[in-house]
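Below, read A as the first sequence line, B as the second, and so on, with proteins coming before strands; counting in each chain starts at 1. In what follows, every heavy atom counts, from backbone to side chain, and hydrogens, waters and symmetry copies are set aside. Model, not experiment: these values are computed from the prediction.
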Protein chains: 2
Amino acid sequence: MGHSRAQKAKTHKRIVSIASKKFREEGLAGVGIAELMKEAGLTVGGFYKHFDSRDDLVAEAVSSAFGGWKRRVDAAKAGSPPVSYEKLIDEYLNEAHRDNPGTGCAFSVLAPEIARSDKRTRALTSEQVRNDIELIAALCPAKDKRTARSTAILTFSALVGAMALARAVSDEALSREILNTVAELLKNSA
Amino acid sequence: MGHSRAQKAKTHKRIVSIASKKFREEGLAGVGIAELMKEAGLTVGGFYKHFDSRDDLVAEAVSSAFGGWKRRVDAAKAGSPPVSYEKLIDEYLNEAHRDNPGTGCAFSVLAPEIARSDKRTRALTSEQVRNDIELIAALCPAKDKRTARSTAILTFSALVGAMALARAVSDEALSREILNTVAELLKNSA
DNA sequence: ATTATCTATAGATCTATAGATAATGC
DNA sequence: ATTATCTATAGATCTATAGATAATGC
């Protein structure tokens with residue numbers, strides 16, 4: 001009990017990181033504060049010294065979930081050679097990503113719940129969608145900037161939708177068909 | 001109290017219909033049994049004479065939500081002239097659909113929660129995804145059947161993803177850009 | 001007699017708060 | 001002295017069940 005401020009900052013980050021994972025796995029409405037704190041090795045009581053409300057944590061956790069994906073794409077882009085459009089598609093539309101939503105793209109699993117969330121979370125999401133569109137557009141082998149942006153928006157939508165559908169169906173063959181077909185078509189038409 | 005069997009069947013349908021709408025509006029985890037029964041003009045106690053469990057209602061309500069969309073597309077297809085691929089896209093990707101999830105496509109709003117639901121609901125979803133792919137493929141102006149099916153899968157994914165993203169962002173201009181861009185690209189590339 | 005619905009409630013769980021405790025930080 | 005965490009709990013809500021009531025259906 002009663003630890004240092006440095007410790008508190010670390011604890012705060014741990015709670016957010018765990019929430020970010022659990023929310024993607026169970027949904028924003030699917031995990032309680034007690035469970036999250038327990039996973040962080042803490043108890044419920046301490047929660048409200050870290051966050052004013054549950055919505056506060058949701059906003060931070062969603063932001064953190066976006067951050068993970070952003071870091072990965074940024075790193076891939078900055079690599080030499082920078083990651084290709086084709087590679088991005090393959091990194092998204094695969095079975096490992098499908099089977100591990102907790103560490104994957106937040107949009108594919110949280111978009112509908114974010115749509116029902118508070119203004120802060122949705123504003124944060126707008127910003128992230130804008131960033132991701134620009135990121136994908138920068139990788140698009142398109143003629144002009146306008147076309148690249150349009151292609152990026154279609155690509156982004158298809159990635160998110162295909163992943164959501166591939167996870168929702170129980171038929172494994174159908175699930176794979178969705179992932180593979182969308183990946184192939186996106187790569188061939190860009 | 002104590003009504004006829006015909007009445008019970010009607011009541012059952014009313015509960016499912018209300019659940020189908022509310023689940024799309026608030027998520028599968030976002031509405032309680034008491035609230036649903038109250039909206040149907042009933043009380044909690046009667047619920048379990050209609051359904052063995054909450055999951056039973058979820059399965060029926062999701063099925064019902066799929067049915068609505070299916071009926072609409074079937075009708076459009078059977079019309080003379082049958083609805084075109086372009087028309088289908090426009091009927092999906094518009095602001096009215098975006099702003100009324102309760103009467104819209106269940107995938108765009110429930111896919112992530114369905115992925116966490118029981119086998120029955122997911123099996124039912126597989127069947128519906130299969131149907132919808134075939135439905136869209138039948139409208140695709142593509143060379144051969146294989147190409148039509150691939151295009152249908154990409155189209156379906158892009159529709160669902162674009163709608164989910166358009167609803168998640170708070171920036172109205174960005175939301176519209178997503179809907180319009182995906183609609184235009186799908187129509188031009190098919 | 002059966003049953004569709006009602007009222008009432010058990011038992012679990014969820015967000016948030018109050019007050020105690022044990023450490024840090026001045 | 002302040003504060004990060006703990007235990008305990010209030011008050012709301014959620015699924016599910018028990019038992020009463022008033023209608024149908026034989």
Atom pair distance, as rounded to whole Å: [atom1] in [X] and [atom2] in [N]:
X: Phe51(A); N: dT5(D); atom1: CZ; atom2: P; result: 11 Å
X: Gln7(B); N: dG25(D); atom1: CD; atom2: C1'; result: 15 Å
X: Arg54(A); N: dT15(C); atom1: CZ; atom2: P; result: 5 Å
X: Leu28(B); N: dC14(D); atom1: CG; atom2: P; result: 15 Å
X: Lys38(B); N: dC6(C); atom1: NZ; atom2: P; result: 13 Å
X: Phe47(A); N: dC14(C); atom1: CZ; atom2: P; result: 13 Å
X: Ile15(B); N: dT15(D); atom1: CD1; atom2: P; result: 14 Å
X: Leu36(B); N: dA16(D); atom1: CG; atom2: C1'; result: 15 Å

When rounded to the nearest 0.5 angstrom, what distance separates [atom1] in [X] from [atom2] in [Y]?
X: Lys8(B); Y: His50(B); atom1: NZ; atom2: NE2; value: 5.5 Å
X: Asp55(B); Y: Glu60(B); atom1: CG; atom2: CD; value: 12.5 Å
X: Leu154(B); Y: Ile133(B); atom1: CG; atom2: CD1; value: 11.5 Å
X: Leu159(B); Y: Leu186(B); atom1: CG; atom2: CG; value: 6.0 Å
X: Leu165(A); Y: Ile114(B); atom1: CG; atom2: CD1; value: 9.5 Å

> Just by modelled atom types, is the Gly104(B) backbone N or O under 3.5 Å from a matching donor or acceptor in the Arg24(B) side chain?
Replying inline: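 Looks like yes, one N/O pair under 3.5 Å.
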Contact under 4.0 Å: [X] side-chain N or O vs [N] OP1/OP2:
X: His50(A); N: dT5(D); value: yes
X: Tyr48(A); N: dT17(C); value: no
X: Thr11(B); N: dT5(C); value: yes
X: Ser4(A); N: dT24(C); value: no
X: Lys49(B); N: dA4(C); value: no

>> For DNA chain C, report each stem as range with range, ordered by first number, or say none. Use Watson-Crick or G-U wobble pairs under 3.5 Å, at least 3 in a row.
In response: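 So the stems come out as C:1-24 with D:1-24.
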> Picking from dG25(C), dC6(D), dA16(D), which would you name as closest to the side chain of Thr43(A)?
Replying inline: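 Per side-chain heavy atoms of Thr43(A), the pick is dC6(D).
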> If you check every side-chain atom of Leu42(A), which of dT3(C), dT5(D), dA16(D) has the closest atom?
Replying inline: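 Nearest to the side chain of Leu42(A) among the choices is dT5(D).
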>> Let me spell it out: for each of Ala6(B) and Ile33(B), pick the nucleotide of DNA chain D with the closest heavy atom. Which residue's pick is nearer the 5' end?
In response: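 Looking at the nearest nucleotide for each, Ile33(B) comes out on the 5' side.
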>> On DNA chain D, compare the nucleotides closest to Glu35(B) and Arg5(B); which residue's is nearer the 5' end?
In response: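 The residue closer to the strand's 5' end, by nearest nucleotide, is Glu35(B).
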>> Out of the candidates Ile89(A), Asp132(A), Val182(A), Leu139(A), only one should pair with Thr155(A) under the side-chain contact (heavy atoms from CB on, under 4.5 Å) rule; please name it.
In response: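 Exactly one pass, corresponding to Ile89(A).
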> When we call it a touch if two heavy atoms are under 4.0 Å apart, what does Gly32(A) touch: a base, just sugar-phosphate, or nothing?
Replying inline: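 Sugar-phosphate, backbone atoms only, no base.
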>> Do Thr181(B) and Ser150(A) pair up side chain to side chain, a donor and an acceptor below 3.5 Å, judged on atom types alone?
In response: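 Looking only at side-chain atoms, Ser150(A) and Thr181(B) do not form any donor-acceptor pair under 3.5 Å.
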>> Return whichever of Asp52(A) or Lys8(B) has its heavy-atom-nearest nucleotide of DNA chain C closer to the 5' end.
In response: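 The 5'-side residue here is Lys8(B).
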